[in-house]
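Step one of this worksheet: look at the structure below.
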Amino acid sequence: MMKKILSACPDLKESLLLLLLFVAGQFAASLMSAMPMYLTYVVAYIPPLVYLYILGTGRGDGGAAAVRPSGLRPGRQAAAVAVAVPVELAVIVLAGAATSWIETPQWYTELFRSMMQTGLLSTAVTVCVLAPVMEEFLFRRIVLCSLARKMSGWKALLLSSLMFAAAHFNLWQALPAFILGCLLGWICLRTGNWWASVLLHALNNSLTIAVSVFFGPDVALTPLSQVMTPGLYYLLVILSAVVAAAGIWLIYRITRTTIQS
């Protein structure tokens, strides 16, 4: 089955339909409140995965969209991912600064509080394991890698990140998701390993859960600008910009053997 799914290699129109099917799956999952969270999350991916299987069945193995080979040795891949960790932390701060003017949707606040109160283990498995693996598989391993075969890498990166952002249903999450999606997609293309983006995605989600556990859900949803003193906050934003820029340059240098589009 997985071989057929990987053979789907959807184009842009098919990728957009894939996004609509994912939204439909999310809606269907929201109606199954009696099921454990991790099961309802899996249900949301059934429609897009079935569609990919049908596409792959019609196209055969020759259409498989492979992650673009990087030519990197495992040591260089590991080094790139290690550098990407502080870069991601810096990007999280910068993305938070970019969205500090957007109010957290009330429905999302209530949903997040409920998630943290009804079962920490189920929430942690869903948010820190299932979400990184399944979202990265759909938006990076399938959509990004497929589009990168049909257009320039940068165009594929931007379009797949826009779809990833749209899948979050609200501007407060969509803008950071777009920024993070660009970083994760770029790492995927530079290293030739989509599991690198899974690891970084898991780190991002795990930080949110950790803050919620130790400081409460409301703190996790509060912008840093409202938690820190102005001077310290602006210093953090400037430091994050420097770390992000330097880290991205260093990753580019480490992965300089990557095949370009």
Side-chain angles (χ1 to χ4, degrees), residues 70 72 75-104 108-109 112 116 124 127-128 131-132 135-136 139-140 154 157-158 160-162 164-165 168 170-191 193 195-256 258:
S70 65
L72 292 179
R76 280 185 173 267
Q77 285 192 359
V81 174
V83 174
V85 170
V87 170
E88 180 182 34
L89 297 177
V91 167
I92 290 172
V93 173
L94 296 174
T99 57
S100 59
W101 56 276
I102 305 175
E103 185 177 354
T104 309
Y108 182 82
T109 299
F112 190 74
M116 295 304 300
V127 175
C128 304
E135 289 179 12
E136 292 307 309
F139 291 101
R140 248 66 69 181
W154 284 110
L157 179 63
L158 292 174
S160 62
S161 298
L162 281 172
F164 178 59
H168 287 76
N170 65 90
L171 185 60
W172 182 78
Q173 285 183 292
L175 185 54
F178 173 75
I179 296 171
L180 185 62
C182 287
L183 175 64
L184 298 182
W186 185 69
I187 295 295
C188 175
L189 293 178
R190 295 298 301 180
T191 62
N193 188 343
W195 284 102
S197 63
V198 172
L199 177 64
L200 294 170
H201 194 150
L203 173 62
N204 174 75
N205 291 8
S206 297
L207 284 173
T208 302
I209 296 300
V211 171
S212 300
V213 170
F214 290 105
F215 302 103
D218 290 340
V219 174
L221 300 177
T222 302
L224 285 175
S225 58
Q226 298 179 24
V227 177
M228 307 172 69
T229 61
L232 187 59
Y233 173 69
Y234 290 124
L235 179 62
L236 178 62
V237 171
I238 293 172
L239 180 61
S240 296
V242 172
V243 170
I248 288 172
W249 175 83
L250 184 55
I251 293 171
Y252 179 83
R253 294 282 297 177
I254 293 172
T255 61
R256 61 187 178 274
T258 298

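Basis for what follows: all heavy atoms, side chains included, without hydrogens, waters or symmetry-related copies.
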Any side-chain heavy atom of S160 within less than 4.5 Å of one from F139? no
Between A131 and N205 the two heavy atoms that sit nearest each other are CB-ND2, 3.9 Å
Output for pair (I209 CD1, N204 CG), nearest 0.5 Å, gives 10.5 Å
To the nearest 0.5 Å, atom CG of L180 lies from atom CG of L200 at 8.0 Å
Exercise. Would you say L239 and V93 make side-chain contact, with heavy atoms under 4.5 Å?
Worked result: no
Value for CH2 (W186) from CG (L158), rounded to nearest 0.5 Å, stands at 14.0 Å
Here the gap from W172 atom CH2 to T104 atom OG1, rounded to the nearest 0.5 Å, amounts to 4.5 Å
The single option from L175, L171, L94 that satisfies side-chain contact (heavy atoms from CB on, under 4.5 Å) with T99 is L175
So CG of L221 and OG1 of T208: to nearest 0.5 Å the spacing works out to 8.5 Å
Residues at least two apart in sequence or cross-chain that pass salt bridge (Lys or Arg N to Asp or Glu O under 4.0 Å) with E136, listed by chain then number, are R140
**Asked** Are I254 and Q77 side-chain neighbours, meaning at least one heavy-atom pair lies under 4.5 Å?
**Response** no
Distance col, row I251:CD1 vs T191:OG1, nearest 0.5 angstrom, shows 9.5 Å
* To do: Classify the angle between the aromatic ring planes of H201 and F164 as parallel (below 30°), tilted (30 to 60°) or perpendicular (above 60°).
  => perpendicular
